[in-house]
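Just so it is clear, the values below take in all heavy atoms, side chains as well, and ignore hydrogens, waters and symmetry mates.
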Amino acid sequence: MTKYHINQVDSPFWAFAIHDGHQIEEELMPYMRLSETERLREEDPFTAAMAELPINQFIGGSSRFQLDINRNLENAIYLTPEQAWGLHVWNQLPEAEVNRLQKEHAMIYQEIEALIERTIAQFGFFFIFDIHSYNAKREGPTEEIDKDANPQINLGTAFIQPKWRHLIDLFIESFQKETLDGETIDIRENVKFKGGYLNQHLNNQFGQSGCVISIEFRKDFMDEWTGVPDPSKITACKQLLLNSLKTLTHYFENDRKE
C-alpha cells in the first residue's frame, strides 16, 4: 500500500508534503529500474521537516516513483520516460499492479476530499501549504544556478480563485519581510511550476471556501545531486512558513471580510 501519515489538530490550516516519501513497496522492487540515488533526486526530501507546523499535516511516505498523487490518474504511475524526466522507471510493471495503484490513487483523493470537507464544516474555510522543492542544477552538480529563471521560492497560484488574491499577496509580503540564505527573498508566482494536480483539483472543487498554495523551495537547502542536507537552511525555510502562518492566522481571525 502507498504510505502516508495524517496528523490532525484543531486548525483550519493544513501542511502537505506529498513528495517527501522515499519508500518503494518490497513487492514492487523487482520491477524498479532506478537506484535510490536516482529516485531521491526527483523527490522532495526534507519537506516533511518544513511541514512540521502546529497545524494539520499530510505527509507522504511512499516515493512519487511508486505513485505520484500530485498527478492525475493517467499520469500518477510513471510508465513512460516522458512522464519522468526521461527516466525509465519500471521494467514491465504488471497490469494488475498498475490497476491496484490507480485504485489507491482514487482512494487517497477520496480521503483528502473528506478531510477538507470536514475542515470547512468545522471552520468555514481551509488553507493548504502544499510544500515542495525543485532542482535548479539540471546539467550537473557544478552548474551555476540561473537565478533569473529559478527563483528561491516559486509559488503555484494559477488555479486559485480570484477571491483569494489578497490572501496570496499577504503570503508573499510575509516572505519579503525576511531574508533567506542572507538574501532578500526572491519569491515569484508560476515561473517554474503553476501547481500540480492536487493543487488544481482541490482549488477547483473547494475554491469558494479556501485555497491551496504550492510552495516550491529551490533546493538550496541541500546538495541536489548527493542528497546531503544543510539543516540550518531547512530550519530557515520552516521558519518562513511559520511566519506566514502567523500572518494568515491573523488575517482570518481579525481582518477577513465576508
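A cation-pi arrangement is not found for Arg39 relative to Trp90, the charged atom failing to lie both closer than 6.0 Å to the ring centre and inside a 45° cone about the ring normal.
Tyr134 and Phe129 are assigned to two separate hydrophobic clusters, defined by single-linkage of ILVMFWY side chains at heavy-atom distances under 4.5 Å. In this structure, Ile128 is not a member of the same hydrophobic cluster as Ile213, with clusters built from ILVMFWY side-chain heavy atoms closer than 4.5 Å. Grouping the Ile, Leu, Val, Met, Phe, Trp and Tyr side chains by contacts below 4.5 angstrom, directly or via other members, places Trp85 with Leu93. In the hydrophobic clustering of ILVMFWY residues, with side-chain heavy atoms under 4.5 Å counting as a link, Ile6 and Ile116 come out together.
At most 12 non-hydrogen atoms from other residues, nucleotides or ligands lie less than 6.0 angstrom from CD of Glu26. Under a cut-off of 6.0 angstrom, the local environment of CD in Glu27 is crowded, with over 12 non-hydrogen atoms contributed by other residues, nucleotides or ligands. At most 12 non-hydrogen atoms from other residues, nucleotides or ligands lie less than 6.0 angstrom from CD of Glu144.
Looking at His22 and Glu36, their side chains do bring a donor and an acceptor atom within 3.5 Å of each other. Looking at His201 and Glu113, their side chains do bring a donor and an acceptor atom within 3.5 Å of each other. Side-chain polar atoms of Gln122 and Asp10 form a donor-acceptor pair below 3.5 angstrom. With no hydrogens or angles considered, a side-chain donor-acceptor pair links Ser214 and Asn199 at under 3.5 Å. A donor-acceptor contact under 3.5 angstrom links the side chains of Gln161 and Gln208, judged on distance only. A side-chain donor-acceptor contact under 3.5 Å links Asn75 and Gln83. Remark: the Ser63 side chain and the Glu43 side chain contain an N/O donor-acceptor pair separated by less than 3.5 Å.
Tested against Tyr78, the residues Glu42, Arg64, Gln66 include a single side chain to side chain donor-acceptor pair (under 3.5 Å) partner, Arg64. Each of Ile172, Val212, Asn203, Ile168 was checked for a side-chain contact (heavy atoms from CB on, under 4.5 Å) with Thr157, and the lone residue meeting it is Ile168. When each of Phe127, Phe126, Phe123 is checked for a side-chain contact (heavy atoms from CB on, under 4.5 Å) with Pro12, only Phe123 meets the rule. Under the ring pair (Phe, Tyr, Trp, His ring centres under 6.0 Å) test applied with Phe58, the options Tyr4, Trp14, Tyr109 reduce to a single match, Tyr4.
Atom CG of Asn99 is separated from atom CD of Glu104 by 11.5 Å, given to the nearest 0.5 angstrom. From Leu115, atom CG reaches atom CD of Glu117 across 9.5 Å, with rounding to the nearest 0.5 Å. Rounding to the nearest 0.5 angstrom, the gap separating the CZ atom in Phe252 from the OG1 atom in Thr247 is 12.0 Å. Rounded to the nearest 0.5 Å, atoms CD (Glu253) and CG (Leu248) are 11.0 Å apart. With rounding to the nearest 0.5 Å, the separation of CD1 in Ile18 from CG in Asp44 is 8.5 Å. Taking CD of Gln92 as the reference point, atom CZ of Arg33 lies at 9.5 Å (rounded to 0.5 Å).
Taking a cutoff of 4.0 Å between a charged side-chain nitrogen and a carboxylate oxygen, Asp186 and Lys147 do not qualify as a salt bridge. Between Arg218 and Glu224 there is no salt bridge, since no side-chain nitrogen of the basic residue lies less than 4.0 Å from a carboxylate oxygen of the acidic one. Between Glu173 and Lys177 there is no salt bridge, since none of the side-chain N atoms of the basic residue sits less than 4.0 Å from a carboxylate O of the acidic one.
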Would Asp130 and His132 count as a side-chain contact (heavy atoms from CB on, under 4.5 Å) here? Give the steps. CA-CA 7 Å; Asp130 178 30; His132 298 269; 2.8 Å; yes
May I have the step-by-step check of side-chain contact (heavy atoms from CB on, under 4.5 Å) for Leu155 and Glu216, ending in yes or no? CA-CA 6 Å; Leu155 297 184; Glu216 299 263 1; over 6 Å; no
Apply salt bridge (Lys or Arg N to Asp or Glu O under 4.0 Å) to Glu178 and Lys246, showing your working. CA-CA 14 Å; Glu178 310 293 335; Lys246 292 177 184 177; over 6 Å; no
Let's go through Phe175 and Leu180 carefully: what are the C-alpha distance in whole Å and the side-chain angles of both, what is the deciding distance for side-chain contact (heavy atoms from CB on, under 4.5 Å) to 0.1 Å, and is it a yes or a no? CA-CA 9 Å; Phe175 278 76; Leu180 186 60; over 6 Å; no
Can you list the steps and then say if His88 with Thr80 is a side-chain contact (heavy atoms from CB on, under 4.5 Å)? CA-CA 7 Å; His88 293 266; Thr80 68; over 6 Å; no
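Within the 4.5 Å cutoff, no side-chain heavy atoms of Ser133 are placed close to those of His19. Inter-residue side-chain proximity for Trp164 and Phe171 is flagged as unmet; no heavy-atom pair is nearer than 4.5 Å. Put simply, the side chain of Pro151 does not reach to within 4.5 Å of the side chain of Ile153, judged on heavy atoms. Leu53 has its side chain within reach of Leu241: a pair of non-hydrogen atoms, C-beta onward, lies under 4.5 Å apart. Put simply, the side chain of Phe125 does not reach to within 4.5 Å of the side chain of Ile120, judged on heavy atoms. The closest side-chain heavy-atom distance from Arg41 to Asn135 is below 4.5 Å. Between Leu198 and Ile112, the closest side-chain pair of non-hydrogen atoms falls below 4.5 Å. Between Leu79 and Val98 there is a side-chain heavy-atom pair separated by less than 4.5 Å.
Taking the six-membered ring where tryptophan is involved, the planes of Phe221 and Phe217 are perpendicular, since the angle between them exceeds 60° and thus also 30°.
Under a 3.5 Å cut-off, the side chain of Lys238 and the backbone N or O of Glu52 do form a donor-acceptor pair. Asp223 contributes a side-chain N or O that, together with a main-chain N or O of Trp225, makes up a donor-acceptor pair within less than 3.5 Å. The closest donor-acceptor contact from the side chain of Asp230 to the backbone of Met222 lies at 3.5 Å or more, if one exists at all. Not a single donor-acceptor pair under 3.5 Å links the side chain of Asn150 to the backbone N or O of Ala136. Distance alone, capped at 3.5 Å, places no donor-acceptor pair between the Gln205 side chain and the Leu202 backbone. Using a distance-only test at 3.5 Å, with no hydrogens or angles considered, no donor-acceptor pair links the side chain of Gln57 to the main chain of Phe16.
Looking at every heavy atom in both residues, Pro54 comes nearest to Val9 through O-CG2, 4.2 Å. Pairing each heavy atom of Gln152 with each of Asp181, the nearest pair is NE2-CB, 4.5 Å. Across Lys163 and Gly207, no two heavy atoms sit closer than the pair CD-O, 4.1 Å. Counting all heavy atoms, side chain and backbone alike, Ile55 lies closest to Ala15 at CD1-N, 3.7 Å. In this structure, Ile59 and Ala48 approach most closely via the heavy-atom pair CG2-CB, 3.6 Å. Minimum interatomic distance between Cys211 and Leu167 (heavy atoms only, all atoms of both residues): SG-CD2, 3.9 Å.
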